[in-house]
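See below for the structure under consideration.
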There are 2 protein chains.
Amino acid sequence: MVHATTMKEIARQLGVTVSTVSRALQNHPSIGLRTRERVHELAKQLDYVPNPTAINLKRRRTYNIGVVLPALTEQFFSMAISAIEDVAIGKGYSVVVMQSRNDYERERLAISNLVKHGIDGIIVSLASETQNNSHFLEVNKHGIPIVFFDRVAKNMPNSCVYVDLTAGAIEAVEYLVARGLTKIALLNGPGTLQATDERLKGYVTVLNKHGIAISRPYVRSVNLTKEDTAKKMNELLDLDEPPQAILAFNDYVALDAMQVCRQRGLVINQDIHFVSFSNLPFCSYLEQPPIASIEQFPYEMGTKAIQLLLPAIEDPQHYTPEKVIIPYQLIVRE
Amino acid sequence: MVHATTMKEIARQLGVTVSTVSRALQNHPSIGLRTRERVHELAKQLDYVPNPTAINLKRRRTYNIGVVLPALTEQFFSMAISAIEDVAIGKGYSVVVMQSRNDYERERLAISNLVKHGIDGIIVSLASETQNNSHFLEVNKHGIPIVFFDRVAKNMPNSCVYVDLTAGAIEAVEYLVARGLTKIALLNGPGTLQATDERLKGYVTVLNKHGIAISRPYVRSVNLTKEDTAKKMNELLDLDEPPQAILAFNDYVALDAMQVCRQRGLVINQDIHFVSFSNLPFCSYLEQPPIASIEQFPYEMGTKAIQLLLPAIEDPQHYTPEKVIIPYQLIVRE
DNA sequence: CTGTTAGCGCGTTCAA
DNA sequence: TTGAACGCGCTAACAG
């Protein structure tokens, strides 16, 4: 801005003190009706807008909340952001977004930028490649609260909110088995994510329960890029005994894998079946979507995350971190 | 934060002045090597982080850039945001997002919140329901620069960046005609958007050129909700002479309309053909995508938008608004 | 080389 | 009812 009008300017033009203007603007009772009116009038006339930076400096807050997540273009995360934003705005906060692109260094940089830039708290969903928590510990040391959501960090004392993916995976695999599909492969995420472990655990549990031998080549990790997913899916199809069904880490992995299948002439939901996590809205546009998906309620997760963060910001002393588990839901499509 | 360490604290512990500390920290040449080292050492030891709010107060900047757009969950916009963020971060700015949800009041509120919250500039893509520009004029009055992108406002003096949709529509409709499809309907956006006029103009131009009569019932506006699109698509199919092809406002409209067609037993790309705008990545997952789409390069648009905004922030005097047109590209899928 | 002083815009206590 | 003075945390012109 070229030169915004300040209280000082109003005071000067009215021949009063800045403190009088200050009080008049906040309708302090001890200000004469006449002066108050004159101040308000001139303020409006000069398009006076209080300088938020100055106010923040006094309040010792920025009213900025940082959100770091893998990719905004993934609908799961943009939905979560929407939820965070809705709550934040209602409480007078703004949301600053940063994307890690699943890259550790970028995540580290994003966190550092946020702290340098000034935020009152941070909400994070981990990059798939993040292996250590030093950057988060640093933030904790500064007394800036963090809440993890969905892709949460292991062994961190902060609040976090996530769904019970093991239970979700169990229900998903049970569903496949109930449909008579027993050659089930797992296209899992990167080993760095807790979410990957949880899916695996559910997968193993069900197969064991039904006495189905677990074939090592059936379990593969992808790094969440399209290329890697294609590679791993091709490997699965090249096996002597290719799987009848795939449990995919999420809808994006499922879609990329399904594309490979189609290219190889397989008919989805006939030659091969998919079940995945996320239940993203755009799957409803597919002619042959995964037969089932675990809804993870990103909106609810985002809402809960910010609801955990705000008290940590506004009343740090009485704040104790919480682990919140959001219920999942198996959505069957046919 | 409970109690961050300040320069004052460092100064106290070292028995020097705050200004000495300040200069030492920025490696001012006129500071004794010894003191400089002691200051840096203690700063690190006490986990000193400069208070950005105080710095911003002096610099008279917030280093925050506000972005207001219809919906983050639309991939077109999340891609644009990614671009904006990439450039912004490189220049030391952070991005604050607000969504209008295509609602005028929400857009108005978002703008007002941004100004109250403190931002150095704003990038906007209009809500479909926005009919007047008073809230933007207000911002202009405060000397805060605005750049419009994609859905730009009519009759505003600010910079803006958009694609030549008329030319795009022309090429798209020509493509349909060349394929022998002449009964072409237009599922257009809301009349409030300039982008809607432009598509219509292109549509009319081509039909006129080929001497194809324009049937009024073939041209419909949708408000960009799934329900309205379904309603209008059904109306088109209920006509005595239903269209062979649809030019859709964007991929979301196309997808919603295609869903209706499938439900009514039509085979996409056989009984009816679609061409749309945006060319969103997820269309590549469809078995029967629109046969062609106008790529609008959201990443390039976002990049250009912030490149127009930053000079306006950093050197207001020498800044003159620009209208930038990004080239489109017709992507043919088969 | 370092301290003193002033000021960014605002809120607030203490006097008058 | 209003003014004077101080402080939030930091930078910078001026002095020594």
Side-chain angles (χ1 to χ4, degrees), chain A residues 1-40 42-43 46-63 115-120 142-144, chain B residues 1-40 42-43 46-64 92 115-120 142-144:
Chain A
M1 42 198 118
V2 186
H3 210 66
T5 63
T6 73
M7 295 199 326
K8 183 197 277 181
E9 176 62 16
I10 296 178
R12 196 185 59 73
Q13 294 198 26
L14 254 44
V16 296
T17 328
V18 184
S19 42
T20 302
V21 175
S22 171
R23 282 178 288 222
L25 287 174
Q26 18 184 350
N27 294 316
H28 194 86
S30 73
I31 288 291
L33 185 58
R34 178 89 192 91
T35 6
R36 188 189 313 181
E37 280 171 350
R38 295 203 311 156
V39 168
H40 273 108
L42 186 56
L46 298 180
D47 289 314
Y48 170 76
V49 177
N51 180 325
T53 309
I55 296 176
N56 292 343
L57 179 60
K58 278 207 81 78
R59 294 217 202 298
R60 297 154 165 285
R61 288 238 183 105
T62 64
Y63 291 91
V115 172
K116 276 199 214 106
H117 185 272
I119 33 79
D120 296 338
H142 293 318
I144 298 175
Chain B
M1 39 196 120
V2 187
H3 210 65
T5 62
T6 72
M7 293 197 331
K8 183 197 277 182
E9 176 62 17
I10 297 179
R12 196 186 60 73
Q13 293 198 25
L14 255 43
V16 295
T17 331
V18 184
S19 43
T20 301
V21 175
S22 172
R23 282 177 288 221
L25 287 174
Q26 19 185 343
N27 294 316
H28 194 87
S30 74
I31 287 290
L33 184 58
R34 177 90 191 90
T35 12
R36 187 189 314 181
E37 280 172 349
R38 292 203 314 155
V39 169
H40 273 107
L42 186 56
L46 296 180
D47 288 315
Y48 170 76
V49 176
N51 182 325
T53 308
I55 296 175
N56 292 344
L57 180 58
K58 273 210 83 77
R59 294 216 202 299
R60 297 154 163 284
R61 292 247 180 96
T62 64
Y63 292 91
N64 265 138
V115 172
K116 277 200 214 106
H117 186 272
I119 32 78
D120 296 338
H142 292 319
I144 298 175

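Chain letters run A, B, ... following the sequence lines, proteins first, then strands; residues in each count from 1.
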May I ask you to say what [X] touches in the nucleic acid, namely base, sugar-phosphate or nothing, with a heavy-atom cut-off under 4.0 Å?
X: B:T35; result: sugar-phosphate
X: A:I55; result: sugar-phosphate
X: A:T20; result: sugar-phosphate
X: A:T6; result: sugar-phosphate

Exercise for the section: Tell me, please, which residues at least two apart from A:Y63 pass ring-ring contact (aromatic ring centres under 6.0 Å, His included). Expected result: A:Y93

Practice task
Verify the contact: side-chain N or O of A:R60 to OP1 or OP2 of D:dG9, cut-off strictly under 4.0 Å; return yes or no.
Solution key: yes

Fill in the blank from the handout: Taken in chain and number order and not counting sequence neighbours, the residues that satisfy side chain to side chain donor-acceptor pair (under 3.5 Å) with A:H40 are none

Polar pairs (N or O, both sides) under 3.5 Å between protein and nucleotides 5-7 of chain C?
residue, atom, partner, partner atom, Å
C:dG7, N2, B:K58, NZ, 2.5

Handout entry: Difference in axis direction between the ends of the helix from C:dC1-D:dG16 to C:dA16-D:dT1, five pairs, 10°
Key = 50°

Problem - Between D:dT11 (C1') and B:R61 (CZ): distance, integer Å - result: 16 Å

Problem - Between C1' of C:dT2 and NE2 of B:H28, the distance in whole Å - result: 10 Å

Completion exercise
With sequence neighbours left out, the residues meeting side-chain contact (heavy atoms from CB on, under 4.5 Å) with A:K58 are none

Under 3.5 Å, sequence neighbours excluded: what are the donor-acceptor pairs made by side chains of residues 8-17 of chain A?
residue, atom, partner, partner atom, Å
A:E9, OE1, A:R12, NE, 3.4
A:E9, OE2, A:R12, NH2, 3.0
A:E9, OE2, A:Q13, NE2, 2.8

Handout entry: Check: A:R23 side chain, C:dT13 base, donor-acceptor under 3.5 Å
Key = yes

